[in-house]
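Have a look at the structure below, then the notes.
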Amino acid sequence: MKNVFNLSFYFLLCVAQAVFAEGTIISVQDFGLQPDSRINAVPYVQKALKACSEQPGSTLVFPKGRYDFWADHAVEREYFETNTYDNNPKILAVLLDQMKDVVIDGNGSLFVMHGRMQPFTLDHCENITLRNFTVDWDIPLTAQGVVLQQDDDGMEVKIDSCQYPYIIENNRLVFVCEGSKSECWSIMQFEPDTRFVCYNTGDNIGWTRYYAESIRPGVVRLSDPKGNLKGKFPKAGTLVVLRHSDRDHAGIFVYHSKNTRMEHITLHHTCGLGILSQYSTNVAFEDVHIVPNEAKGRIFSGHDDGFHFMGCSGLLKIENCSWAGLMDDPINIHGTCSRVIEKLSPTTLKCRFMQDMSVGMEWGRSGELVGFIENNTMCTVGTGTLVSFKALDKSDFILEFSEPVPDVVVAGYAVENLTCTADAEIRYNYFGSCRARGLLVSTPGRVVIEDNVFESSGSAILIAGDANAWYESGAVKDVTIRNNEFRYPCNSSVYQFCEAVISIVPEIPSPDVRYPYHRNIRIENNTFHLFDYPTLFARSVDGLTFMQNKLVRDNTYQPYHYRKEGITLEACRNVRIGKNMVEGDVLGRKIKLENMSRRDVKLVGESFFERPSF
């Protein structure tokens, strides 16, 4: 009897601890919202969130089922989201505004969006957890079809007009979504069996002038009247993603928030970037996936990037996640450089956002550390502490500093926010075949990339940074790339910056070995399945290691890349290459050096790569 009492007491104690850990449980059913009702969930969720805001520590639960979200009753708010077009106001399906200590638990529910909208927005929140739900659209903002036949001048494409309603308007293919319509402006090609981006196709069919005509219901012929694509149209059976619409809403937007966690979430589609974290601290992902809805036969997922981070700090932790069918990079971590337009006083600079998808952002705050960059060499010539940021308009702003700006800083230089930088741990993830690259990382924090699988269409990993084109800042200082597997699709199409499977390509007009941009990059104990020559390209790195990697020849594709060296090094120093293992007749034994000398490279017990040449 005593044992039974003890077990009962222990059970009650566990229940009490669970309730205490979760706090108050609030259900959307308490406010009249039933699963699978197909009514607009927006006003009901707003009431439920208000109740959560009054009870910190609460959990908002959705009984498992389908919930639909329309723009009616949704909050409309102006946000300037990085790498996103300034189409404002944004339409917010679920808004958490200045909330703390709240869990949203979908219990495996499906959240279906209608039209152009942002499913979740976290604005100045703290300790928020999102978990256990899937997001999708019945009528997405991207379309697809299958090629029925092709010739030198065009192709016939079969389109499911129920999922992807369309019209032919002025000889253009126009997709009609809920509340909007937009022209097709680019086409991606996917293999029907593997669902990989077709070998050596990339952005081959991106054009603005084409001729569309209806052959019969659900079948459209697309042709190129100018003949620029003669012979390049995909063969019958190829699956094609028909890209249309702008990137104007993120799937989940985390803005000026702290300690955000997402777990057991699937995004099948978004209107723009997948999960965008901007000026936020400590963001963690566990078992989060941005992948196609295979049940609907789709091969595409997000409209653009998967996880995108700009100006974040603290730790970005990404584990057991996956991406496939994206129309841009699965992960992109960076800051934003801006150009100096005029020095107004010894302590004041007028600056400008140089990218149209950066305008309007709040670039900095009082007390933050700013670096001053000479844009030709990308050398940081000094730092300053910010006193104030004042926007003049969406593009131009004034920065005031506590001390005089270095005399050498003049118009044409760039500024970089050095406070808003993050560490990153990226483990146990699957980077599937998407348009463009796999993982883009530009942050001076500590970065660990390990135990991942890459099947990227372009470069698997890109370490960039620039103040001349994209203005995405972040010279790396401590990067470890180890125990990853780079499989055969990697770098099977060339996009921007795809110089090798791993590309370290800061945009430096005049790289100088005396002024390295990146530092301390270690590439160790990885397995590369290589069908082509280029494995590693590195520009302007001090302290680069390529050691104890396994290189395996793969014959799935024929070599095509314009680079015929395995490793290319430009303006690097303190490079160590050695003890790499080879299986099969791997290509790319040569090491090519540019703007540097042989003494900058040390081979340590290396039997595959040959001594560097010029």
Side-chain angles (χ1 to χ4, degrees), residues 377-380 439-444 446-450 459-466 474-484 486 490-491 497-528 530 532-551 561 563-582 586-614:
T377 62
M378 291 290 288
C379 180
T380 299
L439 166 60
L440 280 62
V441 57
S442 299
T443 175
R446 177 177 175 269
V447 177
V448 178
I449 304 165
E450 63 181 352
S459 292
I461 297 175
L462 168 62
I463 301 175
D466 77 275
V476 304
K477 299 292 187 290
D478 182 0
V479 175
T480 299
I481 302 171
R482 66 186 173 212
N483 301 330
N484 301 283
F486 300 91
C490 289
N491 222 32
F497 310 123
C498 292
E499 303 296 334
V501 174
I502 296 179
S503 291
I504 305 168
V505 195
E507 291 193 77
I508 304 175
S510 301
D512 191 324
V513 72
R514 297 172 298 172
Y515 308 112
Y517 182 70
H518 293 303
R519 299 178 187 272
N520 303 323
I521 301 174
R522 297 166 296 280
I523 306 169
E524 301 170 339
N525 297 303
N526 303 281
T527 299
F528 294 83
L530 302 165
D532 212 332
Y533 289 83
T535 303
L536 171 65
F537 178 95
R539 174 185 297 147
S540 194
V541 183
D542 183 4
L544 173 64
T545 300
F546 190 85
M547 299 282 292
Q548 294 182 308
N549 300 288
K550 183 178 181 180
L551 312 179
H561 203 278
R563 292 196 177 275
K564 302 305 178 186
E565 296 80 23
I567 297 177
T568 300
L569 305 171
E570 180 180 353
C572 295
R573 65 188 188 189
N574 297 318
V575 179
R576 296 175 73 245
I577 300 171
K579 300 181 181 179
N580 296 291
M581 299 162 285
V582 175
V586 176
L587 304 173
R589 296 177 63 93
K590 294 182 179 180
I591 300 173
K592 183 179 181 181
L593 305 184
E594 300 177 3
N595 299 324
M596 55 186 290
S597 68
R598 285 190 179 91
R599 67 175 178 269
D600 293 311
V601 182
K602 184 176 182 180
L603 269 62
V604 182
E606 180 58 39
S607 60
F608 176 71
F609 290 107
E610 300 174 350
R611 292 188 61 80
S613 63
F614 289 92

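Just so it is clear, the values below take in all heavy atoms, side chains as well, and ignore hydrogens, waters and symmetry mates.
Summarising the geometry of Ser510 relative to Thr377, their closest heavy-atom pair is O-CG2, 3.9 Å, with the distance given to 0.1 Å. Closest heavy-atom contact between Arg599 and Ser597: CG-OG, 3.0 Å. Between Cys498 and Ser459, the closest heavy-atom pair is CA-OG, 3.1 Å. In terms of heavy-atom proximity, Asn483 sits nearest to Asn526 at N-OD1, 3.2 Å. Residues Ala475 and Lys477 share a closest heavy-atom pair of O-NZ, 3.4 Å. For Pro516 against Val513, the heavy-atom pair with the smallest separation is CD-O, 3.8 Å.
A donor-acceptor pair under 3.5 Å is absent between the side-chain atoms of His518 and the main chain of Leu544, judged by distance alone. For the pair Glu606 (side chain) and Lys579 (backbone), a donor-acceptor distance under 3.5 Å is present. In this structure, Ser540 contributes its side chain and Pro511 its backbone to no donor-acceptor pair below 3.5 Å. Asn580 places a side-chain N or O within donor-acceptor distance of the main-chain N or O of Phe546, the cut-off being under 3.5 Å. A donor-acceptor contact shorter than 3.5 Å links the side chain of Asn484 to the backbone of Ile449. Using a distance-only test at 3.5 Å, with no hydrogens or angles considered, no donor-acceptor pair links the side chain of Arg563 to the main chain of Tyr533. A donor-acceptor pair under 3.5 Å links the side-chain atoms of Arg589 to the main chain of Phe608, judged by distance alone.
Between the CZ atom in Phe609 and the CD atom in Glu565 there is a gap of 11.5 Å [rounded to 0.5 Å]. Going from atom CG of Asn595 over to atom CG of Asp600 covers 11.0 Å, rounded to the nearest 0.5 Å. To the nearest 0.5 Å, atom CD1 of residue Ile504 and atom CZ of residue Phe537 are 9.5 Å apart. Between the CD1 atom of Ile481 and the CD1 atom of Ile521 there is a distance of 7.0 Å, given to the nearest 0.5 Å. Remark: Lys592 NZ to Glu594 CD distance equals 4.5 Å, nearest 0.5 Å. Here CE of Met581 is found 7.5 Å from CG of Asn549. Values are rounded to the nearest 0.5 Å.
Annotation: side chain of Val505 is in contact with side chain of Leu462 (closest heavy-atom distance under 4.5 Å). Asn491 places none of its side-chain heavy atoms less than 4.5 Å from the side chain of Asp532.
With 3.5 Å as the limit, one finds a donor-acceptor pair spanning the side chains of Arg522 and Thr480. Between the side chains of Asp542 and Asn574, a donor-acceptor pair is found at a separation under 3.5 Å.
One finds a salt bridge joining Arg482 and Glu450 here, because a Lys/Arg side-chain nitrogen approaches an Asp/Glu carboxylate oxygen to under 4.0 Å. Classification of Glu570 and Arg539 as a salt-bridged pair holds, one side-chain N sitting under 4.0 Å from a carboxylate O.
Checked options Ile567, Leu569, Thr568; the residue passing with Leu593 is Leu569 (criterion: side chain to side chain contact (heavy atoms under 4.5 Å, CB included)).
Environment of CZ in Arg573: crowded, with over 12 heavy atoms of neighbouring residues, nucleotides or ligands closer than 6.0 Å. Shown here is Lys564, whose NZ atom has more than 12 heavy atoms of other residues, nucleotides or ligands within 6.0 Å.
Using the six-membered ring where Trp is involved, Phe486 and Phe528 have ring planes that are parallel, under 30° apart on the 30 and 60° scheme.
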